[in-house]
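Worksheet for the structure shown next.
Residue numbering restarts at 1 for every chain, and letters A, B, ... go by the order of the sequence lines.
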Amino acid sequence: MSDTSHAHQVHAAPTGFIRKYVFSLDHKIIGIQYYFLALIAVFLGMALSLIFRLRLAWPAEHWPMLAKIFPAGFEGGPMTPEFYLSMLTMHGTIMVFFVLTTAPQSGFGNYVLPIQVGAHDMAFPVLNMLSFWVTFVSMVVMVAALFVEGGAPISGWTAYAPLSALGQVAGPGQGLGQTLWIVSIAIFCLASLLGALNFITTVLNMRAKGMSLMRMPLTVWTWFTTAILALLSFPVLLAGGILLLFDRIGGTSFFIPAGLVVSDKVIQHAGGSPILWQHLFWFFGHPEVYIAILPGMGVTSQLLSTFARKPIYGYRAMVYAVFAIGLLGFFVWGHHMFLSGLSPMSALVFSMLTLTIGVPSAVKTFNWLGTLWGGKIRFTSPMLYAIGFVSLFVSGGITGIFLGQTSVDIPLHDTYFPVGHFHLIMGVAAIFGIFGGTAYWFPKMFGRMMNETLGKIHFWLTFIGVNAIFMPMHTMGIMGQPRRYAQSTEFLYLAGVQGYQVVITWAAILTAAAQLIFLVNLFWSLFKGRKASDNPWEATTLEWSIPSPPPHDNFGGKIPVVHHGPYEYGVPGAPRDFVMQADPPLKLGKA
Amino acid sequence: MNAHSENHDSHGLSTKLTLSVWVWLLVLTGIEVFLAYIQLSLTLMLVLLMGLSLVKAALIMAYFMHLRFEKRTLVLTLIPALLVVASTLSVFFPDSVRLLHMKPW
Amino acid sequence: MARALAVLLWLITLGGIALFSGRHGWFPETISEHGPAIDAQFMRTLVVVAIAFVASQIALGWYVWRYREDREGDAVYTHGNTKLEVGIMLVVAVVFVALAALGQKVWAQLHLQDAPADAVQIEVTGQQFVWNIRYPGADGKFGRTDPKLINDQENPVGIDTKDPAAKDDVVSVNRMAIPVNKSIKVTLRAKDVTHSFFVPALRFKQDTTPGLVVPVHFKALKTGEYEIACAELCGLGHYKMKGYLMVMEDAQYEAWLKDRATN
Amino acid sequence: MANVHAESLRMPEWEGGVLPYSVGHKKLGMWLFIVSDALTFSALLFGYSYLRVSTPNWPTPFHLWPSIAFSTLMTFCLLSSSLTMVLGVNAAQRNDRAGTIKWILLTIAGGVTFMGLHLKEWSNLFQEGITLVSNPWGVPQFGATFFGITGLHMFHVFTGVLYLAGMAIGVSRGRYGAEHVEVCGLYWHFVDLVWMFVFPLIYLLSVKMH
Ligand code: HEA
Ligand code: HEA
Ligand code: CUA
Ligand SMILES: [Cu+2]
């Protein structure tokens with residue numbers, strides 16, 4: 001809208017470095033920028049997780065090396081509990097916002113979506129650039145919270161008020177760090193809004209001739225649905241964030257009730273409600289988890305079909321399932337609040353609706369299996385990640401069925417059981433979507449292949465590793481280990497848990513180390529990888545009918561005409577075992 | 001590719017229609033202010049005022065914002081999406097009532 | 001490669017089953033009246049979910065094993081099967097609705113029914129990082145409280161001693177005695193931030209939300225000492241916010257209460 | 001087999017470049033933005049209602065003079081500025097550049113008057129002792145929600161006025177055409193539309209009866 005160039009005019013390829021790589025308007029460069037932002041974020045988030053895992057396994061140990069970097073976090077020797085919590089808070093926040101909302105949607109989506117629908121760019125290139133830079137600012141603000149006076153916030157990625165609203169009286173980390181956290185999230189909301197309306201407009205208005213809705217690749221469907229979810233859920237978080245900010249710096253009390261006494265000090269605020277914050281947060285929070293997983297589902301569908309050399313099983317059902325998941329995602333947020341003082345009647349309704357999300361999820365799982373069934377599977381590294389995704393999605397998804405029931409949630413809520421649940425499904429299934437997408441689109445994005453051997457080693461180590469880290473967490477949860485505990489040794493009934501903590505920490509260290517293989521593979525292939533052909537995977541969607549890497553306006557001025565569905569593999573009677581979307585119509589002799 | 005840039009005049013808004021919509025909006029506002037000064041229960045008042053406001057919003061969207069003259073599908077996707085999501089927010093209310101009756105002090 | 005992957009998938013399945021077969025870690029023994037119903041619902045869910053889990057993972061492994069590229073024959077060219085799809089959907093939907101319906105009974109009993117009239121009244125107030133327990137004393141009535149009177153050392157919940165009902169109130173820190181086999185009505189409150197009253201042995205958990213008083217009730221069926229944990233992040237001491245639930249025989253309980261009252 | 005793929009390959013053709021809503025990018029984008037911004041306001045208004053329901057003795061302090069009179073007049077300003085905006089869009093579509101600028105300037109005048117009246121109204125309230133954090137009735141939520149919501153709306157009016165001003169300059173230089181003006185108009189009407197809910201919820205439901 002602030003975009004002045006006429007939308008249909010192809011902007012000329014810029015020449016200067018700044019216009020080309022920094023403030024670029026090209027959706028491909030912006031996609032790559034997002035991708036690398038997420039890459040930095042994920043390694044930061046991972047490092048934080050290792051730091052706090054150290055304390056869980058060895059609560060009394062001293063860590064002189066770390067103490068040098070964060071002296072305040074190690075006063076008195078071992079890692080302090082507030083430092084543990086600040087690492088945890090930043091870990092969760094960075095992973096959810098800057099990795100899983102950023103890489104699969106804004107990264108791959110930006111790069112691939114316009115090409116897959118046959119457009120030369122996004123609908124609003126200027127807005128696109130803005131949304132990246134706004135995200136960047138948001139991340140800078142977030143990372144700054146790690147280093148400010150008083151430390152990073154300690155109220156978890158959910159920032160429950162009043163802990164997050166009261167300021168320094170409520171404990172360390174609740175000063176400037178928490179304020180920066182809220183500011184960063186509010187900025188992030190704006191960036192996501194800009195991104196989302198850009199995606200939706202592009203999909204609706206810019207499809208090439210022949211690209212009817214039911215011919216769009218499933219990746220496009222998932223990016224589209226994700227954008228709708230973002231458009232409708234981020235504004236609510238924005239509203240909540242503004243109010244929380246008012247509470248912290250304006251002296252209001254939207255989320256702070258009357259009569260609080262913190263460390264013997266009577267708090268002057270009155271009249272607010274902590275539950276209101278939870279509502280506003282989870283109204284966004286639940287759609288957000290689908291924002292994280294849907295693009296991964298799309299990528300997985302694409303990969304399974306491509307490498308099984310078979311059309312996707314039940315294309316239409318997949319589309320409807322994606323939409324159903326997105327829609328239902330707006331009606332279930334209360335399942336995070338069963339025990340928060342939510343009205344027990346609404347809890348029952350939320351519970352019923354939550355379980356219904358299992359139905360479209362079952363359809364998806366079933367169709368993925370159906371796609372593999374009877375295929376001729378090529379076990380390339382992207383395919384391995386996709387298979388890993390399916391396995392992890394099932395493992396992580398079914399534990400949601402326990403949590404979604406009011407009664408079963410009573411003992412499990414806020415224990416490691418949900419931690420296991422969301423790491424399997426989000427912490428790794430969705431991340432496997434990123435891995436799969438990286439290995440699959442890397443040749444297109446950079447014109448070189450990634451190394452298959454390294455990719456496979458990375459897959460094996462990671463797949464085994466993450467199961468070793470996150471599966472045992474369910475057992476810990478059943479034993480009653482509450483989450484966000486800086487150590488497990490204070491309670492007698494948790495005596496059996498410490499052993500798990502040590503094993504998990506070791507598994508985490510090894511798994512994290514295995515990520516270096518991924519990093520090495522990525523950068524090595526960037527410069528030294530084998531040159532990629534236009535269509536190394538013999539895939540069908542539009543991005544594979546143009547050069548690798550694509551020219552500035554994607555199709556060299558000639559927008560293709562689409563004649564086929566997205567997943568025509570193994571077509572009997574066709575000249576090749578696959579029919580690309582832009583291939584001319586087939587002459588079909590009646591068999 | 002610029003199907004969108006013209007063709008509005010054919011079914012655009014005549015000045016007369018615009019003016020009458022404006023007058024209607026003012027009249028409805030007047031009724032609202034008038035209502036506010038009648039002794040009614042808060043709930044009834046809320047229902048009446050919100051009802052009138054929805055009518056006003058509809059008028060603004062339909063005429064000023066041109067939705068009446070856009071393709072039906074645009075209306076049929078935007079408005080329900082907005083209404084559905086906005087109205088799910090009303091799930092908040094059982095809790096605010098609880099809060100009112102279950103206060104500690 | 002394909003075979004190894006298939007085997008790995010099956011091993012993970014086995015591992016999952018092993019973890020959930022409960023030999024290594026399981027719920028602590030339940031001592032509450034409603035506990036067995038929650039455990040039973042957990043088991044029902046476990047069975048349903050295990051079937052889905054095992055079936056999906058085994059099938060995934062099997063397809064990976066079976067449909068390698070170097071196998072004989074062509075890839076099957078199909079776009080799916082609507083009937084099968086709808087069938088799966090209906091089955092899953094029915095299973096879920098049935099499951100959900102079964103599970104709601106305990107919830108309704110705990111949260112939609114009031115405590116019996118003769119229930120023992122106790123008030124629990126969460127605070128960074130202790131549990132304050134208050135008993136109404138002989139008159140069965142809690143005295144008035146006021147946040148302005150709160151003083152961590154002398155008057156942790158801010159009892160207004162001018163109120164006659166407050167005279168015999170008994171306050172105990174981190175130690176909560178209850179009689180066995182009697183309905184207990186607990187009133188949950190919070191002093192500063194949100195905490196969560198969690199007694200694993202009771203299968204009981206409920207947030208203490210500031211600004212909201214939540215009444216809950218339960219009955220313990222076995223004497224003994226059990227730990228109370230805090231299950232909602234409340235600050236740096238969250239991990240050591242520990243209390244004890246002491247389930248006692250009636251006489252013992254009365255004695256304990258009397259002892260506390262004289263102190 | 002053959003009939004299977006025959007089915008899949010004969011799909012209804014989609015003529016690329018046909019806009020499914022017959023709406024250009026900018027207009028669609030603006031509509032999407034409006035939907036999302038409407039949700040921000042919905043969330044705030046629901047939050048306000050939530051707090052109001054959960055607070056006993058919510059004050060109803062607004063006298064006919066000045067608050068209600070002012071806010072009614074403000075409503076009038078916004079509605080009228082919407083009217084002039086429509087006329088501006090019509091003028092732009094007739095390629096009547098001078099007319100467009102005239103109507104946009106009138107619209108800006110409406111917006112600025114609204115802001116002036118609102119600022120005056122705020123300062124009246126300050127004088128009565130109503131601030132963001134406190135007020136004479138001991139329900140601090142009253143001021144917080146009042147200033148929070150009207151403040152955010154004011155912010156929208158303010159950006160709208162800037163947007164309009166930029167539009168007027170752009171049109172006078174011939175850089176912006178009818179579509180730009182129309183999209184800008186959408187935003188302005190939306191600001192008006194939000195007020196249609198803020199006014200009754202915040203003002204009319206807080207009228208002092210006697
Ligand atoms: C990518 C992210 C993601 C996804 C996709 C999901 C998916 C689901 N989640 Fe999860 N969830 C989170 C991320 C995610 N979740 C996070 C981050 C939290 C914690 C937040 C916090 O507190 O910090 C959380 C917490 C959470 C809770 C709250 C727990 C608590 O705090 O007490 C609940 C409760 O209902 C829940 C339920 C579900 C359900 C029912 C699904 C369903 O969508 C799953 C559907 C999938 C399947 C069911 C598997 C596949 C289906 C089959 C194989 C078919 C056959 C199956 C059967 C017949 C059983 N989740
Ligand atoms: C995407 C989400 C994500 C990811 C990947 C992870 C990864 C990890 N998480 Fe985390 N975690 C959260 C989201 C995530 N987490 C959230 C939301 C919370 C809750 C916070 C809160 O309570 O407030 C949490 C909390 C949490 C806890 C709970 C602590 C407590 O409650 O006290 C623990 C405990 O062990 C933990 C451990 C780990 C470990 C060891 C890893 C890993 O280190 C495992 C190894 C990592 C990988 C296998 C991924 C590597 C990925 C790449 C290299 C991708 C590269 C490519 C691009 C992005 C472009 N996490
Ligand atoms: Cu108290 Cu956690
Ligand atoms: Cu959820």
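In this structure, the portions of L193(D) lying under 4.5 Å from any heavy atom of chain B include both its backbone and its side chain. Only the side chain of L28(D) comes within less than 4.5 Å of a heavy atom in chain B; its backbone stays farther off. Proximity to chain B (any heavy atom under 4.5 Å) is shown, for S82(D), by both the backbone and the side chain. Only the side chain of F199(D) comes within contact range of chain B, with at least one heavy atom under 4.5 Å from a heavy atom of that chain. Proximity to chain D is limited to the backbone of I38(B), based on heavy atoms less than 4.5 angstrom apart. For a residue to count as touching a neighbouring chain, one of its non-hydrogen atoms must lie under 4.5 Å from one of that chain's; by this rule I79(B) does not touch chain D. Heavy atoms of L79(D) lying under 4.5 Å from chain B belong to its backbone as well as its side chain. At a 4.5 Å heavy-atom cutoff, the contact between I60(B) and chain D is made by side-chain atoms alone. Contacts of S49(D) with chain B are made by both backbone and side-chain atoms, with heavy-atom separations under 4.5 Å. Contacts between L51(D) and chain B at a heavy-atom distance below 4.5 Å are absent for every atom of the residue.
A heavy-atom distance below 4.5 Å is not found between the side chains of W24(B) and K56(B). Within the 4.5 Å cutoff, side-chain heavy atoms of V157(D) are placed close to those of W188(D). Using a 4.5 Å heavy-atom cutoff, the side chains of V53(D) and F92(B) are not in contact.
The stretch residues 127-147 of chain D places none of its residues near chain B, where near means some heavy atom under 4.5 Å from a heavy atom of that chain.
Side-chain atoms of S206(D) and T60(D) include no donor-acceptor pair closer than 3.5 Å. Between S67(D) and E121(D), the side chains place a donor N or O and an acceptor N or O closer than 3.5 Å (distance only, hydrogens not considered).
With ring centers used as reference points, W65(D) lies under 6.0 Å from F70(D).
For chain B, the option among L87(D), V194(D), L64(D) with the highest count of heavy-atom pairs below 4.5 Å is L64(D). Contact tally against chain B (heavy-atom pairs below 4.5 Å) for S80(D), S71(D), G177(D): the top residue is S80(D). Put simply, of V35(D), L32(D), I34(D), the one with the most heavy-atom pairs under 4.5 Å next to chain B is V35(D). No other option in V75(B), T77(B), V97(B), L59(B) has as many heavy-atom pairs under 4.5 Å with chain D as T77(B).
Using cut-offs of 30° and 60° on the angle between ring planes, the pair F93(B) and F46(D) is tilted. Between Y187(D) and F33(D), the ring-plane angle classifies as tilted under the 30° and 60° cut-offs.
Looking at E182(D) and K26(D), no side-chain N of the basic residue comes within less than 4.0 Å of a carboxylate O on the acidic one, giving no salt bridge.
Residue L44(D) is tested with L39(D), L152(D), V198(D) for a side-chain contact (heavy atoms from CB on, under 4.5 Å); the sole match is L152(D).
Under the 3.5 Å distance criterion, the side-chain polar atoms of S54(D) are left unmatched by any main-chain donor or acceptor of S96(B). Checking side-chain atoms of T55(D) against main-chain N and O of W58(D) turns up no donor-acceptor pair under 3.5 Å. A side-chain donor-acceptor contact under 3.5 Å links Y48(D) to the backbone of L201(D).
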